[in-house]
**Student:** 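Sharing a structure with you now.
Below, all heavy atoms of this structure are taken into account, side chains as well, without hydrogens, waters or symmetry copies.
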Number of protein chains: 2
Amino acid sequence: MATIEDVAREAGVSISTVSYALSGKRAISATTRQRVQDAATKLNYLPHASARMLAANRSHIFAVTAPLHPDTDHSAHMTFAMEVTKAARERDYDTLLLVHKDALEGMKRSAATSLADGIIVLDVDAHDERATLARQLSCPAVFIGIPEDTSGLVCVDLDFEAAAAMAIDRLLDAGRRSIGLISHPEETLVRESNFPLRFRHGFEQHAAERGIDIAVANPTHHRAHEAIAELLERKPDLDAIVLNTNIDVAGSVTAALAGLGRSVPGDVSVVAAGVTFSTLRFPVPFDTIPLDAHASCSAAVDMLARIVENGESPPETTLIPPTYIELGSVARTSATPVAPVTAPAT
Amino acid sequence: MATIEDVAREAGVSISTVSYALSGKRAISATTRQRVQDAATKLNYLPHASARMLAANRSHIFAVTAPLHPDTDHSAHMTFAMEVTKAARERDYDTLLLVHKDALEGMKRSAATSLADGIIVLDVDAHDERATLARQLSCPAVFIGIPEDTSGLVCVDLDFEAAAAMAIDRLLDAGRRSIGLISHPEETLVRESNFPLRFRHGFEQHAAERGIDIAVANPTHHRAHEAIAELLERKPDLDAIVLNTNIDVAGSVTAALAGLGRSVPGDVSVVAAGVTFSTLRFPVPFDTIPLDAHASCSAAVDMLARIVENGESPPETTLIPPTYIELGSVARTSATPVAPVTAPAT
DNA sequence: CTGTTAGCGCGTTCAT
DNA sequence: ATGAACGCGCTAACAG
């Protein structure tokens, strides 16, 4: 309600002095600044958003595109949107939600009208149309997730390949030898959601490096039973499972194994890797290499803010190193451990 | 990039003519309007958001406060946020996400700076602080959910009491006599989230009206087993269950009953009422009286837009009538049906 | 029916 | 270190 002019009058200074005293963009004598700040708090002054935007040619708003697919994990989605919003607020930005139907239209519009200073892109597919659009837009964008072609983009994500390697290493260290991977359902892969592919690639590659043979299965029917049956058929000696899948599937793993007479972690050890959900409530909580929404989102928002404010040009791809959380679902066996590779993966 | 002036020049008219031709707020001759529109599309003109906001004193932005509690159902939350956003876009509004930590601060700020034209309040508690704040703010707000004291507010929600009555009526019509309610976990009730209380109240009241005796249980451990055991202990002849609870509990009902030798719907019929999730993937899909996010959100956004644009003053409370979806989890018994009340609830 | 013009509230040069 | 004045792009009241 109170304008900058009211504050200036109250403090007995000029309008520009108020602006500078509050923004700190120019040196103001301590006493004057104090008077201005007192006046501002007294009048409960807050700059009119649109006026500030127009004058500064900056909206202090980031747009967030969060498409909702039929197979989208709403919980993960919400978590990422929230984390982006929190991270943005810490840097004095608000976030505008863009829904799928008009994800492209929304990006164009918020860029063309200067509604947003930047765009955060969530849930990125391998061949995401939003990547093509982002290259054309003058409005800076940061992707949380990594499309196949990252040229001209700025992308942040968990290092899924390192996470896969870390899961394998932990299981091998515990003496496990026959490892299976339960990946995401077909429908997620078909859409070319990219992170399951990157995880799987890292998994296969690191298994080859460590000289072990592995099996991969995609779950069906939103549960683990079929996938586990498939793994056991191909590797009857299966003694470890890596889960890079959704909560429904992961949550049914222990029951599915029990149904086949296998215990966790004794017969089969389990690691959940690159997942957003917690396994604490599972019958047996699983060791987890989390896909940490907070880490990815605050890194992404940080970059975007620096692009907007300082014109910085971050690298195309920033990979966040994985961390390992032990919850007791990996048990040591007496089997001879596989010899570590000469240069162990970090 | 192109300004209104560019369009005016291109079309050979004045600036204000362009403004009126595009906004339609004044009658413009068809030929002129066409010239203006051609020029606009040719130059790819979109009004600069902040300039429009400042001049019109309207941001075309709604703020959405969506607090995240420990027991929050992320999926439902996301659905509501998305539905609000979609509904808003249909009326040419964008939505700003306000996170919990600074829900109050965010509301104040977006109102005081004229960042938002209105506020949508989600996940309302019985004694929600945001209600108090909304009464003081000059910025209009619409609540999706109903606090205890609605004075001076505008609230929209499913008619939970009618939903409870509808569930009872359906079960009685099918010849069921001994009905139990599984409500939300304690932690949700403690927070005074209001809709479980309204549902329960409607349930008890309608049961009394129809002259039947009922039992109510609150689940624990994120599953139905304990609640069902409790219901059976209190009503050994239990032949129907109404679920007004979360997806984890609802999803385990069939298994819990099976563990006690009861089948669905033969021995025990089940209705899920006032829930956001789908039961289609459950072992036995349940008849559902949905808490329809789309209906609530578009009604709320519609009201908010009309308050902002036309200065309308909607009623304090708008209840959305429930609908019933049959999925086969209610089976008819041969028992003598309870006589319908003289004036059946709608 | 159309053009002219005065702000909207603020950030920021330019003088001082 | 401070103040005066201009302009951001648009809307709306006022003229014609």
Side-chain angles (χ1 to χ4, degrees), chain A residues 1-37 39-40 43-61 92 109-117 308-309, chain B residues 1-37 39-40 43-61 92 109-117 308-309:
Chain A
M1 290 293 187
T3 74
I4 197 171
E5 201 179 337
D6 300 330
V7 179
R9 188 174 17 248
E10 175 76 25
V13 297
S14 84
I15 290 181
S16 70
T17 303
V18 175
S19 175
Y20 285 121
L22 295 180
S23 74
K25 291 194 181 176
R26 210 159 79 173
I28 295 285
S29 74
T31 101
T32 311
R33 153 169 307 154
Q34 195 53 53
R35 280 227 312 288
V36 170
Q37 282 183 342
L43 299 181
N44 220 292
Y45 167 77
L46 283 178
H48 187 100
S50 353
R52 181 158 80 127
M53 292 183 204
L54 184 57
N57 196 26
R58 198 136 284 175
S59 66
H60 277 259
I61 290 176
D92 201 23
R109 185 171 49 82
S110 48
T113 64
S114 299
L115 215 203
D117 289 339
V308 169
E309 291 164 15
Chain B
M1 290 293 185
T3 74
I4 197 173
E5 201 179 337
D6 300 331
V7 179
R9 190 176 14 246
E10 175 77 25
V13 297
S14 85
I15 288 182
S16 71
T17 303
V18 175
S19 176
Y20 285 122
L22 295 179
S23 73
K25 293 192 181 177
R26 203 159 83 175
I28 295 286
S29 75
T31 102
T32 310
R33 154 170 305 155
Q34 195 53 55
R35 281 227 312 287
V36 169
Q37 282 186 340
L43 298 181
N44 221 292
Y45 168 77
L46 284 179
H48 187 100
S50 354
R52 182 158 78 128
M53 293 183 204
L54 183 58
N57 195 26
R58 199 137 283 176
S59 67
H60 278 257
I61 290 176
D92 200 24
R109 186 171 50 82
S110 47
T113 64
S114 299
L115 215 202
D117 290 338
V308 169
E309 291 164 14

**Student:** From CD of A:Glu5 over to P of D:dC6, roughly how many Å is that when rounded to an integer?
**Tutor:** 15 Å
**Student:** If you pin B:Ala51 and A:Ala56 to their nearest nucleotides in DNA chain C, which one's is more 5'?
**Tutor:**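 Nearest nucleotide further toward 5': that of B:Ala51.
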**Student:** Take atom CD1 of A:Ile15 and atom C1' of D:dC6, then tell me their distance rounded to the nearest Å.
**Tutor:**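 These atoms are roughly 12 Å apart.
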**Student:** For side-chain contact (heavy atoms from CB on, under 4.5 Å), just list the numbers for B:Val13 and B:Arg35, CA-CA rounded to whole Å, side-chain angles, deciding distance to a tenth of an Å, and then say yes or no.
**Tutor:** CA-CA 9 Å; B:Val13 297; B:Arg35 281 227 312 287; 3.7 Å; yes
**Student:** With a 4.0 Å cutoff (strictly under), does any side-chain N or O of A:Thr32 reach OP1 or OP2 of D:dT2?
**Tutor:**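 Result: yes.
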**Student:** Where each residue is assigned the nucleotide of DNA chain C containing its nearest heavy atom, which of A:Ala55 and B:Gly12 is assigned the position nearer the 5′ end?
**Tutor:**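 That would be B:Gly12.
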**Student:** Just how far, in rounded Å, is P of D:dA12 from CD1 of B:Ile4?
**Tutor:** 11 Å
**Student:** Classify the nucleic acid contact of B:Ser29 as base, sugar-phosphate or nothing, counting any heavy atom under 4.0 Å across all strands shown.
**Tutor:** sugar-phosphate
**Student:** Applying side-chain contact (heavy atoms from CB on, under 4.5 Å) to B:Ser19 and B:Ile4, what does each step give before you reach the verdict?
**Tutor:** CA-CA 8 Å; B:Ser19 176; B:Ile4 197 173; 3.9 Å; yes
**Student:** Does a distance-only test, which skips hydrogens and angles, find a donor-acceptor pair under 3.5 Å between the side chain of B:Tyr20 and the base of D:dA12?
**Tutor:** yes
**Student:** For atom CD of A:Glu5, decide whether the heavy atoms of other residues, nucleotides or ligands shown that lie under 6.0 angstrom number more than 12.
**Tutor:**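 Check fails, neighbour count at 12 or below.
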**Student:** Are OP1 or OP2 of D:dG3 and a side-chain N or O of A:Thr17 less than 4.0 angstrom apart?
**Tutor:**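 True: A:Thr17 side-chain N/O within range (under 4.0 Å) of D:dG3 OP1/OP2.
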**Student:** Through what angle, rounded to 10 degrees, does the axis of the helix from C:dC1-D:dG16 to C:dT16-D:dA1 turn between its ends, using five pairs per end?
**Tutor:** 40°
**Student:** Can you tell me how far the CG atom of B:Leu54 sits from the OG atom of B:Ser59, to the nearest 0.5 Å?
**Tutor:** 12.0 Å
**Student:** Rounded to the nearest 0.5 Å, what separates atom CG in A:Asn44 from atom CG in A:Asp6?
**Tutor:**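 It comes to 12.0 Å.
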**Student:** Classify B:Ser16 by what it touches in the nucleic acid, base, sugar-phosphate, or nothing, heavy-atom distance under 4.0 Å.
**Tutor:** base
**Student:** Counting distance only, does the side-chain N/O of A:Thr113 pair as donor-acceptor with the main-chain N or O of A:Arg109 below 3.5 Å?
**Tutor:**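 At least one qualifying donor-acceptor pair exists.
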**Student:** With DNA chain D as reference, determine whether A:Thr31 or B:His48 sits nearer its 5' end, using the nearest nucleotide of each.
**Tutor:** A:Thr31
**Student:** At the 4.0 Å heavy-atom cut-off to chain A, mark where contacts on DNA chain C begin and end, going 5' to 3'.
**Tutor:** C:dG9 to C:dC14
**Student:** Nearest whole angstrom, please: distance from the P of D:dC8 to the CE of B:Met53.
**Tutor:** 18 Å
**Student:** Tell me what B:Leu54 touches on the nucleic acid: a base, only sugar-phosphate, or nothing, going by heavy atoms under 4.0 Å.
**Tutor:**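 Contact class for B:Leu54: base.
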**Student:** Answer yes if the side chains of A:Ser29 and A:Thr32 hold a donor-acceptor pair under 3.5 Å, and no otherwise.
**Tutor:**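 Yes, A:Thr32 and A:Ser29 have a side-chain donor paired with an acceptor closer than 3.5 Å.
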**Student:** Could you walk me through whether B:His48 and B:Ser50 satisfy the side-chain contact (heavy atoms from CB on, under 4.5 Å) test, starting with their C-alpha distance in whole Å, then the side-chain angles of each, then the deciding distance to 0.1 Å, before giving a yes or no?
**Tutor:** CA-CA 6 Å; B:His48 187 100; B:Ser50 354; 3.2 Å; yes
**Student:** Using side-chain contact (heavy atoms from CB on, under 4.5 Å), reason through A:Met53 and A:Arg58 one step at a time and then give a plain yes or no.
**Tutor:** CA-CA 5 Å; A:Met53 292 183 204; A:Arg58 198 136 284 175; over 6 Å; no
